[in-house]
Number of protein chains: 4
Amino acid sequence: MPIQKVDKERIIKDSLKTFKAQGYHKTTMADIAKACGILKGSLYHYFKSKEELMEAVIDYLTQYYENKIFSVKNKHDINGYEKLVFLMKKSEEIFLTDNGGCLMASIGLETVNVIPHFTQKIQRFFKSWISCFEQIFSDKFPPEKATELAEYGVAEIEGSVLLMLIFQDEKYLKHAHQRILNRYINS
Amino acid sequence: MPIQKVDKERIIKDSLKTFKAQGYHKTTMADIAKACGILKGSLYHYFKSKEELMEAVIDYLTQYYENKIFSVKNKHDINGYEKLVFLMKKSEEIFLTDNGGCLMASIGLETVNVIPHFTQKIQRFFKSWISCFEQIFSDKFPPEKATELAEYGVAEIEGSVLLMLIFQDEKYLKHAHQRILNRYINS
Amino acid sequence: MPIQKVDKERIIKDSLKTFKAQGYHKTTMADIAKACGILKGSLYHYFKSKEELMEAVIDYLTQYYENKIFSVKNKHDINGYEKLVFLMKKSEEIFLTDNGGCLMASIGLETVNVIPHFTQKIQRFFKSWISCFEQIFSDKFPPEKATELAEYGVAEIEGSVLLMLIFQDEKYLKHAHQRILNRYINS
Amino acid sequence: MPIQKVDKERIIKDSLKTFKAQGYHKTTMADIAKACGILKGSLYHYFKSKEELMEAVIDYLTQYYENKIFSVKNKHDINGYEKLVFLMKKSEEIFLTDNGGCLMASIGLETVNVIPHFTQKIQRFFKSWISCFEQIFSDKFPPEKATELAEYGVAEIEGSVLLMLIFQDEKYLKHAHQRILNRYINS
DNA sequence: AATGAATGAGAATTCATTCAT
DNA sequence: AATGAATGAATTCTCATTCAT
């Protein structure tokens with residue numbers, strides 16, 4: 001009677017790091033198994049394919065963001081500025097750990113023409129993120145402007161993450177965050 | 001049947017499309033050979049490995065940008081605004097063709113932790129791009145501000161390209177371009 | 001269909017025959033897989049490359065000789081002549097089966113300038129063989145003479161194996177054995 | 001009108017070195033072309049296949065030995081001992097140059113079960129060599145004894161060449177030569 | 001004669017996946 | 001649940017050979 005060495009969530013978390021660092025196609029099931037401390041075959045008890053695992057990772061991460069981070073938009077005990085500061089703090093935590101980068105952007109770009117159902121799931125993540133910014137900005141801006149600023153902010157952050165990775169310099173992300181805060185303040 | 005069917009540049013151009021659409025790891029030498037209309041083995045006459053071919057593609061594209069696009073920064077017969085408009089027109093041409101997207105960003109993200117010498121080459125591309133914006137902005141802004149605006153603009157465009165691909169909507173890129181122009185005008 | 005169809009030792013033994021008959025470079029992993037009754041890919045569960053498999057074969061054979069054949073040198077219940085007779089009987093068994101020939105000599109010659117770490121392993125085999133003869137001869141000869149006779153004997157046998165293969169005639173090996181015995185007796 | 005850069009003999013001589021150092025299967029037509037200073041395709045003007053080239057090399061070398069070396073057996077102006085000394089000097093010249101080794105032995109072992117018509121040609125070489133020794137020994141020994149001593153000598157030399165290559169030590173060959181001379185003298 | 005591009009079969013190796021235990 | 005052997009298709013790369021120029 002074998003002992004449960006891992007569970008689905010454990011596998012998701014461990015493979016998340018690997019997918020984030022290496023991308024989808026470069027990561028092998030053997031890489032993931034090793035990262036989880038189990039054997040390749042055992043992965044198939046939890047996920048019936050690599051695609052399904054990747055989808056579970058995307059879903060898990062989306063829910064994590066929605067529940068733990070983007071949910072800040074509905075808080076009543078802090079103001080808009082504080083919400084933005086919270087978002088940036090969390091972004092920096094996540095985009096700077098495990099070699100840095102944003103899994104959604106990396107996997108999104110890598111698979112957009114190749115595995116369309118990943119793209120659908122990734123859309124949900126970006127919609128949630130944009131909608132979070134939108135709601136915060138709608139304090140101070142009319143709806144259309146809030147929407148545009150939200151898309152603008154997400155784009156700016158993702159572009160900065162790219163430059164950060166390419167040049168190995170965190171300043172890009174920090175500057176982007178600062179600009180977003182400034183746009184909010186100076187309105 | 002011998003006879004020159006292709007040459008190095010032809011292969012680079014054809015594989016560029018494939019790498020841009022599918023990424024590095026998903027693209028096989030067979031895909032490229034098919035795109036070039038030759039056989040797999042023949043590719044190895046021109047490039048001794050898939051990595052070498054990818055590097056040639058990156059170099060080719062960087063030189064293309066430097067010579068045909070970023071070189072606008074030194075033109076004397078047009079003003080800063082016109083230079084920016086030229087850049088955006090070219091960006092839109094390139095980032096919207098062949099399934100859309102920016103090869104440098106896609107390959108950069110996919111390989112940053114995995115094939116470091118690609119990253120070095122990709123850095124050169126982004127340096128050239130930033131330096132092009134920098135010089136244009138330095139008409140109207142002090143050096144430090146010009147630099148920051150340049151990095152800002154590149155990040156914003158790349159982030160927009162990401163959203164554009166994920167949501168299949170060109171508006172993101174166009175808005176980013178508009179914002180960059182506005183920042184230049186309203187200064 | 002899983003179930004253990006082979007194990008490392010089985011693969012080593014089956015590939016030994018193939019390497020002995022065809023040499024290292026001519027033998028393909030597909031040849032070996034077929035000889036083992038498994039698929040090519042399955043070989044890589046046991047050995048991570050063709051080189052590693054070849055090395056395992058060399059090591060296995062060296063140990064087999066050391067444990068089962070050259071170890072005769074330390075027996076106390078038989079005399080030197082009987083030891084020599086035992087060695088020759090074993091030699092004939094091995095050098096005359098599976099198309100005949102000596103794997104160590106064949107692989108040694110084929111790879112000496114090309115895969116140096118094979119040569120190191122093959123040296124060990126020949127050292128053990130020479131040292132076996134040496135100890136037997138040291139009964140009747142002073143140390144230096146015993147050493148020279150040992151090297152002489154091994155060379156003579158290997159040269160005879162070559163002629164035997166080229167001319168498809170076992171007499172060469174048998175004559176060499178006879179001469180070695182005579183040198184021991186007539187001393 | 002292209003200039004004759006090479007001729008058949010030049011190609012044979014240059015590929016001889018390569019085949020001797022690397023063996024038949026490991027040596028590619030590209031290796032040979034490079035060694036000859038021509039392009040791969042050009043080799044096929046002179047030899048219609050790799051096998052045919054190898055055969056030409058074997059034939060060339062056999063004739064060289066027969067004409068320049070083994071022919072010593074018929075000289076009237078030197079005695080048997082001097083003939084042996086001449087043979088050994090030539091052997092040492094050849095077996096010690098270009099990484100050392102005997103092409104006939106190396107190619108013979110590598111291809112004996114795989115390309116039978118090489119073996120036939122190689123037999124001729126060894127027959128000539130044995131017959132050379134035979135005739136020299138027949139000065140002092142009865143025919144049967146001379147034959148056996150001749151085979152014995154060739155085997156001993158080839159085995160020594162093997163040990164010489166494996167241990168990178170010329171002493172093995174030199175000792176073998178000495179023993180052969182001694183057998184002649186002390187008769 | 002010489003070139004060198006092109007071929008296509010085949011090499012080693014990888015990898016997602018299956019399945020009996 | 002976990003294993004790990006086995007699969008077989010796919011992947012990168014090699015190489016002897018052909019042939020138009």
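Predicted model, so just to flag it, every value in this text is computed and none were measured. Sequence lines set the chain letters: A, B, ... in the order given, protein chains first and strands last, and positions in each chain run from 1.
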Item to check | Nearest-angstrom distance from the residue atom CD of C:Gln22 to P of E:dA11 | outcome: 11 Å

Checklist entry - To the nearest angstrom, how far is D:Ile32 atom CD1 from F:dC15 atom P? => result 12 Å

Checklist entry - Between C:Ser15 (side chain) and C:Ile12 (backbone), is there a donor-acceptor pair under 3.5 Å? => result yes

Item to check | Comparing C:Tyr24 and A:Met29 on DNA chain E - which has the more 5′ nearest nucleotide | outcome: C:Tyr24

Checklist entry - Are OP1 or OP2 of E:dT7 and a side-chain N or O of B:Ser42 less than 4.0 angstrom apart? => result yes

Checklist outcome for this item: note: D:Phe47, atom CZ; F:dT18, atom C1'; distance rounded to Å ~ 18 Å

Checklist outcome for this item: Between D:Ala35 and D:Thr18 the two heavy atoms that sit nearest each other are CB-OG1, 3.7 Å

Checklist entry - Can you find a heavy atom in the side chain of D:Met54 that is under 4.5 Å from one in the side chain of D:Ile107? => result yes

Checklist outcome for this item: C:Lys34 atom NZ is separated from F:dT7 atom C1', nearest whole Å, by 18 Å

Checklist outcome for this item: Of the listed F:dT12, F:dA16, E:dA2, the closest approach to the D:Tyr46 side chain comes from E:dA2

Item to check | Neighbour count above 12 (heavy atom, 6.0 Å) for B:Lys50 NZ | outcome: yes

Next on the checklist: Using the side-chain contact (heavy atoms from CB on, under 4.5 Å) criterion, which residues pair with A:Lys48? Sequence neighbours excluded.
Outcome noted: A:Glu52

Next on the checklist: How many whole angstroms separate atom CE of D:Met54 from atom P of F:dA16?
Outcome noted: 13 Å

Item to check | C:Leu43 vs B:His25, nearer the 5' end of DNA chain F by closest nucleotide | outcome: C:Leu43

Checklist outcome for this item: Rounded to whole Å, the NZ-P distance (B:Lys48 to F:dC15) equals 14 Å

Next on the checklist: Any base atoms under 4.0 Å from B:Thr28, or only sugar-phosphate, or nothing? Heavy atoms, all strands.
Outcome noted: sugar-phosphate

Item to check | First of A:Lys40 and B:Lys40 reached from the 5' end of DNA chain E, by closest nucleotide | outcome: B:Lys40

Checklist entry - Starting at CD1 of C:Ile11 and ending at C1' of F:dA6, how long is that distance when rounded to a whole Å? => result 11 Å

Checklist entry - Between A:Ser106 and A:Leu103, is there a donor-acceptor pair closer than 3.5 Å when you use the side chain of the first and the backbone of the second? => result no

Checklist entry - What residue among A:Phe19, A:Phe125, A:Tyr24 forms ring pair (Phe, Tyr, Trp, His ring centres under 6.0 Å) with A:Phe118? => result A:Tyr24

Item to check | Nearest-angstrom distance from the residue atom OH of A:Tyr44 to P of F:dA2 | outcome: 16 Å

Checklist entry - Does the E:dA6 base have a donor-acceptor partner in the side chain of B:His45 within less than 3.5 Å? => result yes

Checklist entry - Side chain of B:Ser49: nearest nucleotide among E:dA16, E:dT3, F:dC13? => result F:dC13

Checklist outcome for this item: Every stem of 3 or more Watson-Crick or G-U pairs under 3.5 Å that DNA chain F joins, in order of first number, is E:2-21 with F:2-21

